[in-house]
Amino acid sequence: MINTLRTVPEIAKRSMDAIVARQLSFDIIDNYTRALMSAGFVKQGPFHSRDDLTSFLMALPSRKVVTMMHFHYLKDVHRNWTINDLRDIAALSIAIPYCDVVVTDKKAWDTAVNRAHLDKEFNTPIFSSLTDLAKHLTV
């Protein structure tokens, strides 16, 4: 996905759409559609537009964190991804929307706080050091 977003101009212009579509197609849509159909709610896929798909994904707190982190990581074309970046994003997708406080490394903190503003979105203080956490707890 990274190579595609960086080398295919038509997709690179719409990186958020590509990230949302990938998450839905790989992680959600098949199971969601099967569940709706087996319950008798729909006879075919429930989404009919890009906006429907994006709204649904962004309404899921963990998926919103993943999407925004991916989007902002991909915007930095000089950034080389590592397996730890993917692990950080997976962990933060659970921690940021559901924990009272989060401490992460400086790269992930910078993206979550300064670029994606996920601390404000979920009202979750996010720190890049235990010292900053300790200061927050003493206030």
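Keep in mind it's a predicted model, so treat the numbers as computed, not measured.
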Main-chain N/O of Asp132 paired to His136 side chain as donor or acceptor, under 3.5 Å:
no
Please identify each residue that fulfils side chain to side chain contact (heavy atoms under 4.5 Å, CB included) with Thr131, with sequence neighbours left out.
Ser129, Lys135
Provide the closest heavy-atom pair for Met58 versus Lys64 in the form atom of the first, atom of the second, distance.
O-CD, 3.6 Å
Donor-acceptor list for residues 87-104 side chains, cut-off 3.5 Å, not counting sequence neighbours:
from  : atom 1 : to    : atom 2 : distance (Å)
Arg87 : NH1    : Asn84 : OD1    : 3.3
Ser93 : OG     : Ala90 : O      : 2.7

In terms of hydrophobic clusters joined by side-chain contacts under 4.5 Å, are Phe56 and Val65 together?
yes
Leu133 with Leu118, same ILVMFWY side-chain cluster at under 4.5 Å
no
Take Tyr73 and Trp81 through the test ring pair (Phe, Tyr, Trp, His ring centres under 6.0 Å) and record every step on the way to the result.
CA-CA 8 Å; Tyr73 273 36; Trp81 286 58; 5.4 Å; yes
Kindly indicate whether the side chain of Met37, heavy atoms from C-beta on, has any atom under 4.5 Å from the side chain of Thr33.
yes
Any side-chain to backbone donor/acceptor pair from Thr124 onto Lys120? Under 3.5 Å, distance only.
no
Please report the interatomic distance CG(Asp119) to CG(Asn114), rounded to the nearest 0.5 Å.
8.0 Å
Gap between atom CD1 of Ile126 and atom CG of Asp110 - 0.5 Å precision
11.5 Å
Sort out for me which residue in His70, Met69, Met68 forms a side-chain contact (heavy atoms from CB on, under 4.5 Å) with Thr111.
Met69
Hydrophobic cluster membership, Phe71 vs Leu57, 4.5 Å side-chain cutoff:
yes
Do Leu137 and Trp109 land in one hydrophobic cluster if side-chain heavy atoms of ILVMFWY residues count as linked below 4.5 Å?
no
